[in-house]
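Here is the structure we will look at, set down as structure tokens.
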Amino acid sequence: MEEKQPLFIHKISKIISDFFNPLLSLFIFFVYMSVLKYTLKDSLSYFLPILLLIIAPVIIWLVWNVKTGRYTNMDVSNRVQRKTLYIFIAACVIAYIAYNYFKNGYIDFVMLFILILLFALQISNFFIKSSMHTAFNIFVAALFFALNPMMGFVWLGIAILVGITRIILKRHTPKEVFMGAAIAFMVSFLYLYCNIQFQH
């Protein structure tokens with residue numbers, strides 16, 4: 001009975017951790033935002049470029065690098081391997097920001113802060129392998145909070161749960177999870193502050 005309990009916790013942790021990966025968490029937010037703020041046609045014109053310029057290329061990049069053995073796993077748990085992942089994701093986000101600016105004439109505020117978060121995590125990665133899962137879910141909580149405070153608090157609870165699962169699965173140490181959380185809280189605070197300022 002004692003052996004089954006940790007195995008059960010490990011399985012549940014893996015399901016939570018896999019489901020609330022950074023890409024899917026962001027995808028859920030963008031779907032929520034699209035439903036809340038846009039018509040179906042506007043949602044498609046807003047979300048399709050994000051799908052084609054960021055989400056799909058990052059998934060293809062991850063799968064290809066895992067298959068060729070450049071990355072150990074889809075989580076990219078190795079700190080050295082993460083360097084190229086951060087660079088690739090940042091390049092995709094910059095490509096989208098440029099596309100959106102030239103097409104619509106404004107800089108996508110959410111994507112700009114995702115880029116800031118990526119750069120902060122990349123700098124941190126030189127010293128410690130900060131938890132991307134934790135960081136991105138805390139930032140997604142801030143994104144939700146700007147639209148609906150209740151959803152923001154719900155997602156913050158999810159982010160804390162995800163951080164715990166990363167430790168249970170031994171993908172990160174508590175120090176790495178706390179570092180990811182600290183970076184995300186700083187970027188999230190800056191995002192929410194700027195969001196309030198631009199609304200007034």
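If you check the side chains of S45 and Y38, you find no donor sitting under 3.5 Å from an acceptor. A donor atom on one side chain and an acceptor atom on the other are found under 3.5 Å apart for Y96 and D108.
Taking OH of Y71 as the start and CG of L62 as the end, the distance is 7.0 Å to the nearest 0.5 Å. Rounding to the nearest 0.5 Å gives a distance of 5.0 Å between NZ of K129 and NE2 of H172. To the nearest 0.5 Å, atoms OG (S25) and CZ (F139) are separated by 12.5 Å. Taken from CG in N78 to CG in L85, the straight-line distance is 11.5 Å, to the nearest 0.5 Å. Considering OG of S34 and CZ of F29, their distance stands at 8.5 Å, rounded to 0.5 Å.
Transitive grouping of hydrophobic side chains (ILVMFWY, heavy atoms separated by less than 4.5 Å) keeps L169 and I164 in distinct clusters.
Inter-residue side-chain proximity for V110 and F30 is flagged as met; some heavy-atom pair is nearer than 4.5 Å. The closest side-chain heavy-atom distance from Y46 to M33 is below 4.5 Å. Side-chain contact between L26 and V140 is present, with at least one heavy-atom pair separated by less than 4.5 Å. I114 places none of its side-chain heavy atoms less than 4.5 Å from the side chain of I54.
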Expected list for residues 16-24: side-chain donor-acceptor pairs under 3.5 angstrom, two or more places apart:
| residue | atom | partner | partner atom | Å |
| --- | --- | --- | --- | --- |
| S17 | OG | R166 | NH1 | 2.5 |
| D18 | OD2 | K14 | NZ | 3.0 |
| N21 | OD1 | L23 | N | 3.0 |
| N21 | OD1 | L24 | N | 3.0 |
| N21 | ND2 | D18 | O | 2.9 |

Show me the donor-acceptor pairs within less than 3.5 Å that the side chains of residues 181-193 make with the rest of the protein, sequence neighbours left out.
| residue | atom | partner | partner atom | Å |
| --- | --- | --- | --- | --- |
| S188 | OG | A184 | O | 2.6 |

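At least one donor-acceptor pair under 3.5 Å links the side chain of N137 to the backbone N or O of H133. For the pair S13 (side chain) and I9 (backbone), a donor-acceptor distance under 3.5 Å is present. Under a 3.5 Å cut-off, the side chain of N100 and the backbone N or O of Y106 do form a donor-acceptor pair.
Ring geometry for W61 versus F88: interplanar angle under 30°, hence parallel rather than tilted (30 to 60°).
In the displayed structure, F178 atom CZ is contacted under 6.0 Å by at most 12 heavy atoms of other residues, nucleotides or ligands. Crowding of F153 atom CZ: a count of heavy atoms from other residues, nucleotides or ligands under 6.0 Å not exceeding 12.
Applying the side chain to side chain contact (heavy atoms under 4.5 Å, CB included) test to I87 and every residue at least two apart in sequence or in another chain returns Q122.
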